[in-house]
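Order of appearance sets the numbers: ligands from 1, and atoms from 1 within every ligand.
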Amino acid sequence: MKLRKILLAAVVLTALLLAAGCGKKAEQPPVAQPITAPVTNPSINIEPLIAEWLASDHSNIQLYPAGRDTCVTCHDGGAFAGKLTQQDQLHREFNVALDCRACHSGYGLEIQKSGVVNLPNQQNFKAGKGALCLSCHNERGVPNINDARRASPHGGSQGGIFSGSGGIRTDGFSYISSPHTGIGDTCIACHMTKTPEGLPSHTFRVDSAEDSCSKCHSGLTDVNRKALGDYDGDGTAKGFQDEVKGLLKILEAAIVEALEGGSFATGGGQVQFKDAKGELIAPADISNEIYQAGYNHVLVKYDGSYGIHNPHYVVQLLQQSYKALTGKDVPGATLK
Ligand code: HEC
Ligand code: HEC
Ligand code: HEC
Ligand code: HEC
Ligand code: HEC
């Protein structure tokens, strides 16, 4: 997979340099797929952006999902741009990374401009240019506490967390999203801040807290902003991400206790629960409260921001899961 990544990256790089009219003319390797180079402005030096993209996970190909029908649409850049869902629609024998064409042509460009995306749990979510990111980065499924399979959220569950529409909720409790949900252009605002050259960063990571956060949280230099409360009840209000990590630990311990020493993990699209001997427990023998806690634990972990995408909602989701499972509030915690 690593070798394949390097090979394809080199191919893309060559094709791009050719398209940009710089670099030596090289013969395209046999697997080359012409990049319908969407980045057309000749006055922009795109080399720094190419280097950033190469170092990002979007230049990687996960061959297993990229090689399967339905999965291919998010795991192959050309399939995404063409809105294709079947292997035989690709008319090629190989997969391509989430390269420039994925976001700068076809469907990628269309959804970026439309600013509206359908999420599994919320239709017509207004996300500005971030609608592009959310069309792939979501949990891919509507959870149901009675689900017989005990299905798991998909990796990259930012859609459900950011919009506050994901997760298994406790009936009768009022969940609230944080003001972050309303940030213009959503994902792009924090994950594509300006490079020193004044172009949108293509690392796709949060390069600096100052650039992403300080227009609202003046002087913030660390994304792990000090929390306004002690959400995990350990006696101190730490960094917000640390509070969420603390809550995840407390919830995991409660699940392990409910399983009498067992464990849980994801596999085969399910949240799989095991007993103390390591034997898989049949989904039908898992209570709804254990499933709710396990599903929400995975959802928050797969989101990867440890609460920053929707601070209020994430604390509520974890604290309520704990309460549903144990019958009591997280001891000593500031409750949201
Ligand atoms: C709606 C878009 C979308 C579809 C469709 C999709 N995926 Fe993914 N998948 C993603 C995203 C986004 C990530 C990246 C998560 C991250 O690293 O933050 C991902 C990550 C993964 C991973 C690695 C992370 C993990 O969950 O362990 C695997 C394996 C995977 N997908 C398999 C599949 C399979 C198999 C299918 C088809 C049944 C599929 N995907 C369909 C968007 C999608
Ligand atoms: C995952 C999606 C994604 C990928 C992949 C991607 N870009 Fe972009 N790119 C964007 C978005 C979104 C913007 C607009 C950001 C903004 O308006 O702040 C952008 C903006 C740009 C710009 C600024 C000028 C313009 O055309 O809007 C350039 C240049 C650019 N990208 C080049 C590239 C190159 C070269 C590649 C391939 C190496 C690439 N991009 C891959 C999402 C992507
Ligand atoms: C075509 C689908 C698609 C689009 C569009 C897309 N991504 Fe991704 N993204 C993925 C997949 C798949 C992965 C995982 C790749 C891998 O690990 O092989 C990923 C990985 C990432 C990662 C690294 C995840 C980690 O856990 O380290 C970040 C950050 C990210 N994407 C942000 C964004 C942002 C921001 C946008 C919008 C500008 C965006 N993505 C648009 C599919 C997409
Ligand atoms: C308020 C700023 C902000 C917005 C808006 C935002 N993110 Fe994030 N995101 C973060 C921070 C902060 C992290 C944690 C990074 C860290 O701990 O280093 C993160 C983490 C992630 C990760 C995990 C990978 C990593 O870099 O560790 C992915 C993937 C991601 N965000 C995608 C998205 C998507 C998709 C959207 C659009 C719904 C989005 N983000 C909106 C700030 C933001
Ligand atoms: C558009 C303005 C805006 C941006 C940009 C923004 N925030 Fe916020 N954030 C808010 C508001 C408003 C609140 C709610 C009031 C408060 O907590 O001060 C909030 C709440 C929070 C909270 C919850 C604190 C708690 O204990 O309840 C955290 C943590 C946080 N933001 C971190 C960040 C980080 C990290 C970034 C950058 C990656 C960021 N914010 C970017 C406006 C913003």
Measure from atom 8 (Fe) of ligand 3 to each N, O or S atom of His137 and report whether any distance is below 2.8 Å.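 Yes.
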Is atom 17 (O) of ligand 3 less than 4.0 angstrom from some protein heavy atom?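 Yes, there is a protein heavy atom closer to it than 4.0 Å.
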Geometric N/O contact His58 with ligand 2, under 3.5 angstrom: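 Between His58 and ligand 2, no N or O pair is found under 3.5 Å apart.
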Select the closest option to [atom] among [options], judged by heavy-atom distance.
| atom | options | answer |
| --- | --- | --- |
| atom 37 (C) of ligand 2 | Pro48, Cys100, Pro200, Ala51 | Cys100 |
| atom 33 (C) of ligand 2 | His104, Glu47, Lys194, Arg101 | His104 |
| atom 12 (C) of ligand 2 | Ile50, Ile188, Thr193 | Ile188 |

Just jot down the ligand 3 atoms closer than 4.0 angstrom to any heavy atom of [X], in number order.
| X | result |
| --- | --- |
| Cys74 | 1 (C), 2 (C), 12 (C) |
| Leu98 | 1 (C), 10 (C), 11 (C), 12 (C), 42 (C), 43 (C) |
| Cys136 | 1 (C), 2 (C), 3 (C), 4 (C), 5 (C), 42 (C), 43 (C) |
| His191 | 35 (C) |
| Asn60 | 16 (C), 18 (O) |

Does ligand 1 have an atom that lies less than 4.0 angstrom from a heavy atom of Gly269? no
Starting from atom 34 (C) of ligand 1, locate the nearest protein heavy atom and write down its residue, its atom name and how far away it is, to 0.1 Å.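 So the nearest neighbour among protein heavy atoms is Cys71 SG, 3.4 Å.
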Nearest neighbour in protein (non-hydrogen) for atom 28 (C) of ligand 1: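 Of the protein heavy atoms, Gln62 OE1, 3.6 Å lies nearest.
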Of all the atoms in ligand 1, which lie at a distance below 4.0 Å from a heavy atom belonging to Ser135? 1 (C)
Could you tell me whether Arg205 and ligand 3 have an N or O pair separated by under 3.5 Å?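 So ligand 3 has an N or O lying under 3.5 Å from an N or O of Arg205.
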As a quick check of understanding, evaluate side chain to side chain contact (heavy atoms under 4.5 Å, CB included) for Leu199 and Lys194, giving each step before the final call. CA-CA 5 Å; Leu199 291 169; Lys194 294 273 182 285; 5.9 Å; no
